Amino acid sequence: MNFKTSATLMLDVQLYLISCVFAARADATNLKRVLSALEDPKAVLDATCVLWPELSDPGPLEFIFRTERSDFSSHDELLVSVLGCDKQLICITEMDSDSIHDRYTITKNYVKNSLQAIEKNSRFELENFESHWLRNRTILCDNMKPENTALYKPLWQAVMDNNIEFTKWVKGVVEPLIHMNSRLGNFIKIKDFEKMDDVEIFKLMLDDKSGLHTRTTITREIIPYIKFTDTYDIFLETVFTVDFFSFESYENFNLFRQLYTALRDLSSETLEGHLQEKSLVIIFENSSRFLRVSSLDSLRDFLQNIDDNVPAGKHDLTAGAIKLYLTYMDTSLSGYDLKSIFAITQEEESAQAAHFASMIKNLISQIHSNPHAASMIFQVMDSSTVGKQEIFTHLSGKEKTSILIETALELGDFDLLRQFIIRYNSVVKEDVLLKYFWHFFNNASNGLSSRPEIMKAEKTLDLLLQTDSTKYAHLRVLLQVANELSQYSLNLGKGVPFKPSDILNYTSRPFDLISLLLELNQGLYKDSYKISILLRNLKIAFKTSNNGNDKIVKEEHARLLSLQIDHSLVNMDFLFAIEKTKELLTLDDSKQYWATIFQVAKFMNPNWNDGEIPTEILVFQLEITGELLHFCPIEEIEAVISHWSTLELELMTRDLIQDPYSLERQKGSENFLNFETASGISSTLSRLLSGSNTF
């Protein structure tokens, strides 16, 4: 065992104090000379660590990490040499023993206390004195001026090659803190940073609202810190949350995207599963905002990195099902987000049917603008599942088919309907076809066969006739009637157009429709053929046809004649009225229309000469008034007789030889012949001219 003499001990104390002076002066040259001569330089190195000026350039301290051979054979020789270089140091050697020991003790305790104040980091254990010394020195200087800490990087580099734990500390604590302080303009010290809670540190690191430093924040702060502290799970639980990554901004989305990539590269297989699940939940819950700040393609690309069997948190849902949702979102459910689609799977059958119909309707409406729309529809019908995952969980294939058919019918896309029927060997239900026939017919604003709604009704009817050609034949006639009526002027009042659906209001009263038509179309009353055909078709369309019943035929003929007579009188066409009146009088049912015949008998045209009834017409009116006496109602006999007497009296006052009111004299023999032919009264007139008077 070696024992030092008191003189030797005093020499060591003197060299220690002199070394402290060199350290305080940042005199690397003389300090290096002293250290190279000491067998155990630890005390001097500790003093250097504490006393070297914190704000001075740390570069000269590099000698501490290099071993150099001393040029001195003894400590006495060393002391003489250093005193020779600086006479001011001689006073240290001249102090009395007590004074020098007091100074030594005070200095030693100061150094010791300063170093003990630096807390250890429980997350690592440094390998050697060099790494301890440099960590302590770094923290001491950082306490004085955190913004200068990076100046020690060259010294760190000198130690890091052989000190793994120290390297981890620098890379995982010091450098991330330096970068974060610089980015945020903070002055957090290493000693305070190491005491902070991990979650608090994550929040600071993620404080980058501008999004300008996202990549460097991740690569130079977050990832190094997580690696050093092994806080991967803590980070996922506290940061990778639905609330933090709300995707309210593009910057938030971009941080999420880049963090995911960085963490995926960092994690093990087990941890990556946790990362995928947390990410999937965030995307699922916030997909609406994801799509606002990014795109569906971006969402699809991101989900490709997640395994199909990864669950979406508490939901009974996997990444594979969510990827199926993207297919719908890209085509038929373009206005939906992931949560909205999942919500459909949880709804009742009626709600799912409504969503499915809306989806199909959206696709069909795109057919003319999107050449792929039809194939999308078939894709939706053919591929609606991934494994056991299904969106429309309460709809069977048959129900979906029914919805597609009805939607195609509703939109009038018969080409698609035909394709679907052929592709799936489907049959459209009769009641569905009938429903949409009436849908189109009732929605038509005009009955022309070239109008879109009528064309759709006709195509629907074609399909109906394939199911039963007899049962629905009357609907073909209804369309013909609608087309025929559209050729005429027809309305239900001022500003109220007549629509095809209005035809149905006349099911039990077709003659009212004929009357309205004659009223609004001057001259149509003359076309007996058109009127009778129209009536026949109306009755077929209404399924009220007389089926060859001769009695009904005659009744209807009489009623049509009555309508023609009424409208001819309105149009002052008395010759036509006379013609149809004579025809009506030949029918057994004429007595029902005695009032119409009576109107003919009382007709007066203000344009006649001197306002007097032409003699020939007077004779005709007298004749039919006489016939009315045979079948008019009893209560009307008095009125009819009175009118007959008036006519007879007027006729008796006429000079039938030189009659100024005769048609023959007024307008020539041609007009008279027309009247004579129409009325058939030549025999009556002849009797009058010969003096006979029998009615």
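What's counted below: heavy atoms across the whole structure, side chains too, no hydrogens, waters or symmetry copies. Keep in mind it's a predicted model, so treat the numbers as computed, not measured.
When side chains are defined from C-beta on, Ile282 counts as touching Phe247, because their heavy atoms get closer than 4.5 Å. Side-chain contact check for Val281 versus Thr241: every heavy-atom pair is 4.5 Å or farther apart. Here the side chains of Leu140 and Cys49 are in contact, with some heavy-atom distance below 4.5 Å. Looking at heavy atoms from C-beta onward, Thr345 lies in side-chain contact with Phe342 at the 4.5 angstrom threshold. For the pair Phe65 and Leu134, the minimum side-chain heavy-atom distance is below 4.5 Å. The shortest distance between side-chain heavy atoms of Phe245 and Arg257 does not fall below 4.5 Å. Residues Leu338 and Leu326 are in side-chain contact: their nearest non-hydrogen atoms beyond the backbone lie under 4.5 Å apart. For the pair Val199/Phe235, no side-chain contact is recorded, criterion being any heavy-atom separation below 4.5 Å from C-beta on.
Looking at Glu200 and Lys203, no side-chain N of the basic residue comes within less than 4.0 Å of a carboxylate O on the acidic one, giving no salt bridge. Ion pair Asp297/Arg300 flagged as a salt bridge, since at least one NZ, NE, NH1 or NH2 atom sits closer than 4.0 Å to an Asp/Glu carboxylate oxygen. A salt bridge is defined here as a Lys NZ or Arg NE, NH1 or NH2 lying under 4.0 Å from an Asp or Glu carboxylate O, and Lys339 with Glu285 meets this definition. Ion pair Arg135/Glu194 flagged as a salt bridge, since at least one NZ, NE, NH1 or NH2 atom sits closer than 4.0 Å to an Asp/Glu carboxylate oxygen. In summary, Arg289 and Glu248 engage in a salt bridge, as defined by a charged side-chain N under 4.0 Å from a carboxylate O. Salt-bridge formation is detected for the pair Arg123/Asp198: a Lys NZ or Arg NE/NH1/NH2 atom is positioned less than 4.0 Å from an Asp or Glu carboxylate oxygen. Under 4.0 Å is where a charged nitrogen must lie from a carboxylate oxygen, and between Lys42 and Asp46 at least one such pair does.
Nearest heavy atom pair, residue Ile100 against residue Ser97, reads CG2-O, 3.1 Å. In this structure, Lys171 and Pro224 approach most closely via the heavy-atom pair O-CB, 3.2 Å.
Donor-acceptor pairing under 3.5 Å is recorded for the side chains of Glu272 and Gln276. A donor and an acceptor atom, one from each side chain of Asn252 and Ser249, are nowhere located under 3.5 Å apart. Donor-acceptor pairing under 3.5 Å is lacking for the side chains of Thr318 and Asn309. The closest side-chain donor-acceptor pair between Thr393 and Gln352 falls under 3.5 angstrom. A donor-acceptor contact closer than 3.5 angstrom is absent between the side chains of Asp102 and Thr105. In this model, no donor atom of one side chain and acceptor atom of the other lie less than 3.5 Å apart for Glu221 and His213. A donor and an acceptor atom, one from each side chain of Ser340 and Asp337, are located under 3.5 Å apart. For the residue pair Thr138/Trp156, the side-chain donor-acceptor check at 3.5 Å is satisfied.
Aromatic rings of Phe124 and Phe166 (six-membered ring for Trp) have centroids beyond the 6.0 Å cut-off, not under it. Between His355 and Phe392, a ring centre-to-centre spacing not shorter than 6.0 Å is recorded.
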- Task: Applying salt bridge (charged side-chain N to carboxylate O under 4.0 Å, His left out), run through Asp308 and Lys323 and close with a yes or a no.
- Result: CA-CA 8 Å; Asp308 286 352; Lys323 291 173 186 178; 2.7 Å; yes
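Distance alone, capped at 3.5 Å, places no donor-acceptor pair between the Ser294 side chain and the Phe290 backbone. In this structure, Asp96 contributes its side chain and Ser99 its backbone to a donor-acceptor pair below 3.5 Å.
Annotation: ring pair (Phe, Tyr, Trp, His ring centres under 6.0 Å) contacts of Tyr260 (sequence neighbours excluded): Phe302. The salt bridge (Lys or Arg N to Asp or Glu O under 4.0 Å) search around Asp57 returns none, not counting sequence neighbours. By the ring pair (Phe, Tyr, Trp, His ring centres under 6.0 Å) test, Phe193 is found to be paired with Tyr225, residues two or more places apart in sequence or in another chain being considered.
The local environment of CE in Met144 is sparse, with at most 12 non-hydrogen atoms from other residues, nucleotides or ligands closer than 6.0 Å.
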